[in-house]
**Student:** 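Please find one structure pasted underneath; my questions will follow.
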Amino acid sequence: QDNVMQSKPVMTAYEDGTATLDCTYKATSTQYPNLLWYQQKTNGSPKYMLIRSSGSSSNDEEFKDRFNANLNTSLKSVPLTIKDVRVSDSAVYYCALQPTVTETLSTLRQ
């Protein structure tokens, strides 16, 4: 069964530092899945951040500068890196896999 896993459900980061949120996946239905990250702030809806696949990558405009994810198909991972962490980055971060769109979460706290 396809799924995603995030090993650290809660993570602490320091302002102006770098935070990396882990996400590994299992995709039996396709060799080249699409992996997505979403950000959900308190009382808000999840916001699409970025997508990674073996052939392409794209970030939403709001998340172009400080947010990045590298898809490693050998390790089956797509960690999210946040540079120059800000207090406003405190949120729940969801890693999702298409086409099954199974999600888990990581919470970033400062």
Side-chain angles (χ1 to χ4, degrees):
Q1 181 179 343
D2 294 355
N3 63 26
V4 292
M5 295 150 286
Q6 290 175 256
S7 60
K8 297 178 184 176
V10 177
M11 184 175 177
T12 301
Y14 296 95
E15 199 166 8
D16 299 321
T18 299
T20 301
L21 284 62
D22 294 327
C23 177
T24 57
Y25 66 90
K26 180 180 175 185
T28 56
S29 61
T30 178
Q31 188 177 359
Y32 303 108
N34 294 323
L35 279 299
L36 302 93
W37 279 95
Y38 294 87
Q39 179 194 68
Q40 184 175 17
K41 295 192 176 181
T42 305
N43 298 323
S45 299
K47 278 187 188 177
Y48 162 77
M49 299 174 66
L50 55 86
I51 186 169
R52 296 294 183 265
S53 64
S54 62
S56 65
S57 65
S58 176
N59 285 41
D60 186 77
E61 196 64 36
E62 182 180 349
F63 299 100
K64 280 194 187 253
D65 294 333
R66 300 182 302 109
F67 298 83
N68 189 39
N70 292 312
L71 176 60
N72 185 323
T73 55
S74 299
L75 296 175
K76 296 194 173 184
S77 69
V78 60
L80 175 69
T81 301
I82 308 170
K83 295 188 298 186
D84 303 319
V85 171
R86 302 171 184 166
V87 173
S88 61
D89 296 329
S90 297
V92 176
Y93 290 85
Y94 294 91
C95 178
L97 169 66
Q98 285 181 331
T100 57
V101 196
T102 303
E103 301 176 358
T104 60
L105 60 93
S106 287
T107 302
L108 179 63
R109 293 183 181 167
Q110 290 197 319

**Student:** Any idea which heavy atoms bring Q40 and Y94 closest together, and the distance?
**Tutor:** OE1-OH, 2.8 Å
**Student:** Answer yes or no: is there a donor N or O on one side and an acceptor on the other, between the side chain of Q6 and the main chain of C95, under 3.5 Å?
**Tutor:** yes
**Student:** Please report the closest heavy-atom contact between P33 and L97, naming both atoms and the distance.
**Tutor:** CB-CD1, 3.3 Å
**Student:** So do T28 and K26 actually touch side chain to side chain, heavy atoms under 4.5 Å?
**Tutor:** yes
**Student:** Quick one: does L80's side chain get under 4.5 Å of L50's, heavy atoms only?
**Tutor:** yes
**Student:** I'd like to know if the side chain of R66 reaches the main chain of K83, judged simply by a donor and an acceptor atom lying under 3.5 Å from each other, with no hydrogens or angles considered.
**Tutor:** yes
**Student:** Among all residues two or more places apart in sequence or in another chain, which pass the side chain to side chain contact (heavy atoms under 4.5 Å, CB included) test with D60?
**Tutor:** Y48, E62, F63
**Student:** If you compare all heavy atoms of I51 against all heavy atoms of Q98, which two are closest, and at what distance to 0.1 Å?
**Tutor:** CD1-OE1, 3.9 Å
**Student:** Are W37 and V78 packed together at the side-chain level, in the sense that at least one heavy-atom pair is separated by less than 4.5 angstrom?
**Tutor:** yes
**Student:** I need the full list of side chain to side chain donor-acceptor pair (under 3.5 Å) pairs touching residues 67-79, with sequence neighbours left out, sorted by first then second residue.
**Tutor:** R52-N68
**Student:** So, taking the atom named CZ in R86 and the one named CD in E15, what distance separates them when rounded to the nearest 0.5 Å?
**Tutor:** 9.5 Å
**Student:** Are the side chains of S57 and L71 in contact, using a 4.5 Å heavy-atom criterion?
**Tutor:** no
**Student:** Just jot down the side chain to side chain contact (heavy atoms under 4.5 Å, CB included) partners of S45, sequence neighbours excluded, or say none.
**Tutor:** none
**Student:** With sequence neighbours excluded, tell me which residues meet side-chain hydrogen bond (donor to acceptor under 3.5 Å, both in side chains) with K41.
**Tutor:** none
**Student:** For V4 versus A96, what's the shortest heavy-atom pair and its separation?
**Tutor:** CG1-C, 4.3 Å
**Student:** Heavy-atom distance under 4.5 Å between the side chains of Y93 and M11, does that happen here?
**Tutor:** no
**Student:** Can you name the one residue among D2, N3, L75, L35 that meets side-chain contact (heavy atoms from CB on, under 4.5 Å) with Y25?
**Tutor:** L35
**Student:** If I compare all heavy atoms of D89 with all of F67, which pair ends up nearest, and what's the gap?
**Tutor:** OD1-CZ, 3.6 Å
